[in-house]
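What follows is a single structure, written as structure tokens, with notes after it.
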2 protein chains.
Amino acid sequence: MSDKPTTIKEIAKLLDISVSTVSRALNDHSSIGLITKMRVKKMAKELNYEPNQRAIQFLQGKSHTIGVILPELAESFFSAAISGIEDIAYKRNYTVLLAQSHDDADREKLLIEKMKMQRVDGLLISVSKTTNTYEHLEAFKKSNIPIVFFDRIPPVKNIHFVASNLESGTYEAVNFLLKKGHRTIGMINGPTNLVASTERKNGYIKAMTSHRLKFDPSLMLNCDLTEAGTIESMDNFLNHKRKPTAIVTFNDYVALFAIRYARSLNIQINKDIDFVSYANLPLINYMDYTPIASVEQFPYKQGKKAADILLDLINKPKGDSEAETAYYNVVVESELIIGKEK
Amino acid sequence: MSDKPTTIKEIAKLLDISVSTVSRALNDHSSIGLITKMRVKKMAKELNYEPNQRAIQFLQGKSHTIGVILPELAESFFSAAISGIEDIAYKRNYTVLLAQSHDDADREKLLIEKMKMQRVDGLLISVSKTTNTYEHLEAFKKSNIPIVFFDRIPPVKNIHFVASNLESGTYEAVNFLLKKGHRTIGMINGPTNLVASTERKNGYIKAMTSHRLKFDPSLMLNCDLTEAGTIESMDNFLNHKRKPTAIVTFNDYVALFAIRYARSLNIQINKDIDFVSYANLPLINYMDYTPIASVEQFPYKQGKKAADILLDLINKPKGDSEAETAYYNVVVESELIIGKEK
DNA sequence: TAAAATTACACAAACGTTTGCACAACAATC
DNA sequence: GATTGTTGTGCAAACGTTTGTGTAATTTTA
């Protein structure tokens, strides 16, 4: 008896009325008599009736589901983001279909196909690092399923996206250091091919020039973000003719490598050299030697925003030619968080 | 033209054959002639035909989807777990429907309802901290949808679950300290109402008695896991008549609070006092003053295991009365990871 | 050469639900 | 007392796909 779920048909048969009446009764349709409604609802409760969403979704051609493809769920940036995405989806009564690409372009391509076959109502994606062709994304757009890009934005025209602006965060960070009196500020930046590196660089330069200081390229090093690379950069700075009194690092890992190495050389952290980093990891707030400030990217907030946009796109009245040609390009400003000094 | 997805019907009409022939041709059914197959496949490719999975799932009464309900996606333990779950689901060609309860029993209940209505083929859940009634879980079992519990196991009979055994990990940890020569080992444990606290306690006692040492209850403190609580525990230990030479802490946060406090008192970490903790957070490997060893719970591995079990349950041949009454109670052994000394 | 077997396709039902339309019964209006 | 309006219900189609069964046309077998 607890085998197959109850259907509307069974209720109809038991009450000797038609399925359409049952359906309307359950949906409180105005054309159904009060007595019938009561009878139907009572029977439905007795049989533990639960509408088969798959059937409804199929019938209506809407899955009420959004697909989410992220590179790596275990990465704290993305796990915070998916948390925000799920919260919005839940609130707006949508369901989340989740998958990870592991930064593998082929797997990503497959997942996108799969999402299309699953008939998701919309797609939210942070593209993999290795993705370098974009036809499948273009093809997806033709399917008329809205797609919102998130954090990692492909170089494609006419797309919706949400990303953080690291330029402003970096600007603030460097500005903060300048106000503290620093004049020689080093930056351990990422590889030149990352957009993120360029944004940081621009923020740095902007802050310097706004203080009428000229940009010294030898104080901005491109690092491969490994521990060895970080140590190399640090050595470079420490032997520099203009030894930096403050250093901005690409991310928390680099900051940790740099700080650890500096401490091994008996350099006083945030005394001999001030450190500023980007807040990628939650634990940094708990550690002994941390940067004096960090740039927060609000992944949770970004996730929420991206999901909200996607759901707006899904539910926008169509034929709205104005909205049809407009693209959401939302930039979530990053923000400098100044840690409590210890 | 790029509006609605292509259907099998359109292909049939265009080629002037029946839908059943098209369906069978696409599925390489033996009763379809080679020429027809070719014609159908060519046309399908031209029209970018993609089977409507929702329709198929509905027809077959299988969603090929598993529901996953976790307390908090942003928590690293769970985000590592969901990563493992998704990897297995992907490999076995299932889809993951994700939701988080935020440790809210009511939301959890709603989500379970929703998953049932979505007709997931199976459910994987780590119950919320606030869940204290279990009728909805019992009710779910009656729906004949397999359910596997994960990490946080409700006190219900006859269920499948995967959890880590912290007893063995703690045993190893204490054993490790004993072998290093420690005889006075303190433990900052969690609140007594947590199963996790009991497991740790048992492991501790087991290790002590196996070395013919008697258990001194005053060396095991129950802490509320806050920084203040940790400091209180530390004060207790430092003023103890038997001052511990080694301390095991409930989790990484407690370890960090304890280590930070100890350092503020000029205690040499892992020299005056050895610390051992549990590996909840990825960053711990990067820090300067970390425990000399930690107990790893392998959340990624646990997630994989749980998903594998769930999919086995879903796909097990039914009528198998033997398998029907057997319950998976899988314990993933935790393991002591000894850090590189610095 | 007639019967049997094979090949290649079409027809129609089914899955669970919603919804436009038809229609009966009854009440209200003129 | 015929007409219109209202209320409550049933019929049937539709969504896209799979699959059991029926059946021509063709080939093989005896």
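Here is how names work: the chains are called A, B, and so on, in the same order as the sequence lines, proteins then strands, and each is numbered from 1.
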- Query: When you check the phosphate oxygens OP1 and OP2 of D:dG16, does a side-chain N or O of B:Lys4 lie under 4.0 Å from one of them?
  - Reply: no

- Expressed in angstrom and rounded to an integer, what is the separation of B:Lys62 atom NZ from C:dG16 atom P? 13 Å

- Counting just side-chain N and O atoms, does A:Ser23 come under 4.0 Å of either OP1 or OP2 of C:dT18? yes

- Item | Gap between atoms CG and C1', on A:Leu15 and D:dG10 respectively (whole Å) | 15 Å

- Can you check whether any acceptor in the base of D:dC11 is under 3.5 Å from a donor in the side chain of A:Ser18, or vice versa? no

- Task: Respond yes when some side-chain nitrogen or oxygen of B:Thr36 is under 4.0 Å from OP1 or OP2 of C:dC9, and no when none is.
- Result: yes

- Query: To the side chain of A:Arg24, which of C:dG16, C:dT19, C:dA8 is closest?
  - Reply: C:dT19

- Task: Measure the distance from CD on B:Gln60 to C1' on D:dT19 and round it to the nearest whole Å.
- Result: 10 Å

- Using atom CG of A:Leu59 as one end and atom P of D:dG16 as the other, report the distance to the nearest whole Å. 10 Å

- Query: Should the pair A:Arg107-B:Asp87 be classified as a salt bridge under the 4.0 Å nitrogen-to-oxygen rule?
  - Reply: yes

- Message: So, OP1 or OP2 of C:dT18: does either fall under 4.0 Å of a side-chain N or O from A:Asn27?
- Response: yes

- Does the side chain of B:Gln100 come under 3.5 Å of the side chain of A:Ser83 through a donor N or O and an acceptor N or O? yes

- From D:dT17, D:dT9, C:dA10, pick the nucleotide closest to the side chain of B:Ser20? C:dA10

- Message: Check A:Glu108 with A:Arg152, please: is the shortest side-chain N to carboxylate O separation under 4.0 Å?
- Response: no

- Task: Give the rounded distance in Å between these two atoms: NZ of A:Lys9 and P of D:dA12.
- Result: 14 Å

- Item | Separation between CG of A:Leu47 and CD1 of A:Ile8, rounded to the nearest 0.5 Å | 12.0 Å

- Task: Kindly state whether the pair A:Phe58 / C:dT17 counts as stacked, where counting means centroids closer than 5.5 Å and planes tilted less than 30° apart.
- Result: no

- Can you tell me the distance, in whole Å, between the CD1 atom of B:Ile32 and the C1' atom of C:dA10? 10 Å

- Item | First of A:Val19 and A:Lys37 reached from the 5' end of DNA chain D, by closest nucleotide | A:Lys37

- Task: Return the value, rounded to whole Å, for the distance between atom NE2 of A:His29 and atom C1' of D:dG10.
- Result: 14 Å

